[in-house]
Amino acid sequence: MTEPRLVEVRKNVLKQNDVIARALRERFHQAGVFVVSLVSSPGSGKTAFLEKTLTMMRPHHRVAALVGDLATENDAARLARSNAPVKQIITGTVCHLDAAMVENALQDWDLVDLDFLFIENVGNLVCPSSYDLGEDLRLVLMSVTEGEDKPLKYPTIFNSADVAILSKLDLATAVEFNWDQAQRSIQSVRPGMMVINTSAKTEQGMSEFCDFLVQRSRMRAAIAV
Amino acid sequence: MHELSIAMSIVEMAEEESERRGGVHVSAVHLKLGALSGVVEQALLSSFEMAAEDTSLQGARLLIENIPVRVFCPKCSSERQLTSIQNFSCPVCGAPTPQITCGRELEVTALEIIQ
């Protein structure tokens, strides 16, 4: 048998996903829809946060949501209470959303009818970090009940996100949450990261968050022109 | 655990490349794996073995080159290698270093082929 020969290849393993994500991003921009994705561990309050966001934004903006889940449609049912269009993506055994799943889910939606599209990822702080979904903004949620060092345990996902949302602030006192320590953890893995304090229950920080999204979408629209 | 789907993409890529070259046998795949790729080396290695089973890649080795995270330090005006992905600050002057120059790689760089 001959000796093996080394041939150079240079191919990004996630190229297929990145190509679809780029096409999606292009479509979103052309349709004028601002796309926000949410990642977090299971149970950190993504759905409650999103339900509140949809409810608060819906009177003023055309909002919709896609929500990923391994097995159930419970989250879509909860989000639908906001009266915004919602679609569930059931991923089966797949622990993250990828760009092709988003593309499929959007097939029968006219994006021109939307101002904001939210994509709630499967609850998982590991796998979603590698997959671009074509979003404009990626939020990572961290609830005060999870421990201040969550960012240090999952630096990759915090690093892939644009903004950190501290959720369940209404429980901060009960769990003796140390805000400074959490802030230090976040800044250690993602220096300069914006952090927004929220409680979906008391609505603390929610209108500021919605204003922030509107401002960001205007900034993007201005750049696109 | 998304390493299996990534391993399957690697196998697929290598098979395509092998076909393109007239069905050469691939004995090893070289991969650059960044510390911020979100992929766990051990999980990827065992997934690769599984993914290669019953394909033309069966028995091929996956050779991983680990790529540490490098950042640009605005204070020192130079590129530095992070000692830990939990601490994005310059190992020399301690300044925060949000700007990453490498470390997200997940890239097949070369194949060892037998004609």
Side-chain angles (χ1 to χ4, degrees), chain A residues 1-19 39 70 91-101 121-122 124-132 140 149-162 183-194, chain B residues 1-14 16-18 20-21 24-40 43-44 60-61 69 71 74 82 84-90 95-100 103-115:
Chain A
M1 204 154 85
T2 48
E3 284 292 301
R5 190 163 64 86
L6 193 70
V7 292
E8 199 178 329
V9 179
R10 296 216 163 271
K11 272 193 178 156
N12 182 350
V13 177
L14 292 171
K15 189 169 171 236
Q16 212 176 349
N17 185 76
D18 292 347
V19 167
V39 291
L70 294 175
T91 59
T93 56
V94 181
C95 50
H96 58 269
L97 292 179
D98 64 29
M101 293 180 202
N121 217 315
V122 178
N124 183 330
L125 277 178
V126 182
C127 311
S129 64
S130 309
Y131 297 87
D132 183 1
V140 58
D149 59 350
K150 206 74 187 238
L152 300 177
K153 290 178 177 167
Y154 299 93
T156 304
I157 195 110
F158 275 81
N159 212 288
S160 81
D162 303 295
Q183 177 71 8
R184 272 199 302 278
S185 303
I186 294 169
Q187 298 305 324
S188 178
V189 299
R190 182 83 151 117
M193 189 177 217
M194 181 181 187
Chain B
M1 175 67 189
H2 60 312
E3 279 79 2
L4 185 58
S5 64
I6 285 173
M8 286 161 75
S9 304
I10 296 173
V11 168
E12 220 171 275
M13 260 181 194
E16 272 171 25
E17 195 61 30
S18 138
R20 216 172 58 81
R21 292 170 185 274
V24 292
H25 175 72
V26 177
S27 60
V29 178
H30 291 239
L31 181 86
K32 272 192 180 170
L33 186 64
L36 279 179
S37 65
V39 172
V40 179
L44 185 61
R61 291 171 306 149
V69 178
V71 292
L82 289 189
S84 155
I85 60 166
Q86 294 171 322
N87 183 7
F88 275 73
S89 63
C90 175
T97 52
Q99 204 184 324
I100 298 164
R104 297 194 198 273
E105 293 79 357
L106 184 56
E107 187 187 272
V108 173
T109 53
L111 299 177
E112 287 178 26
I113 57 169
I114 299 170
Q115 240 134 3

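Numbers restart at 1 for each chain; the letters A, B, ... are given by sequence-line order, proteins then strands.
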Inset, instruction - Count the heavy-atom pairs under 4.5 Å between each of A:K153, A:E8, A:M193, A:K11 and chain B, then report the option with the highest count. - result: A:K11

Inset, instruction - Select, from A:S160, A:P191, A:G192, the one with the greatest count of heavy-atom pairs under 4.5 Å involving chain B. - result: A:P191

Between [atom1] on residue [X] and [atom2] on residue [Y], distance to nearest 0.5 Å:
X	Y	atom1	atom2	result
B:N87	A:Q187	CG	CD	12.5 Å
A:R10	B:H30	CZ	NE2	12.5 Å
A:F158	B:I85	CZ	CD1	12.5 Å
B:M13	A:N12	CE	CG	6.5 Å
B:S5	A:H96	OG	NE2	4.5 Å

Which atoms of [X] approach chain A - backbone, side chain, both or neither, heavy atom under 4.5 Å:
X	answer
B:E105	neither
B:A14	neither
B:L82	neither
B:T97	backbone

Legend entry - Top contributor to chain A contacts, counting heavy-atom pairs under 4.5 Å, from B:I113, B:L36, B:V39: B:I113

Tell me the closest heavy-atom pair linking [X] and [Y], and the distance in Å.
X	Y	answer
B:G38	A:S129	CA-OG, 4.0 Å
A:N159	B:F88	ND2-CZ, 3.1 Å
A:L152	B:Q86	O-NE2, 2.8 Å
B:A110	A:L6	CB-CD1, 3.9 Å

For residues [X] and [Y], determine if any side-chain heavy atom of one lies less than 4.5 Å from a side-chain heavy atom of the other.
X	Y	value
B:T109	A:V9	no
A:D98	B:H2	no
A:V7	B:V24	no
A:R5	B:E112	no

Legend entry - Side-chain (B:S37) to main-chain (A:S130) donor-acceptor, under 3.5 angstrom: no

Inset, instruction - Check each atom of A:Y154 against the heavy atoms of chain B and say whether the ones under 4.5 Å are side chain, backbone, both or neither. - result: neither

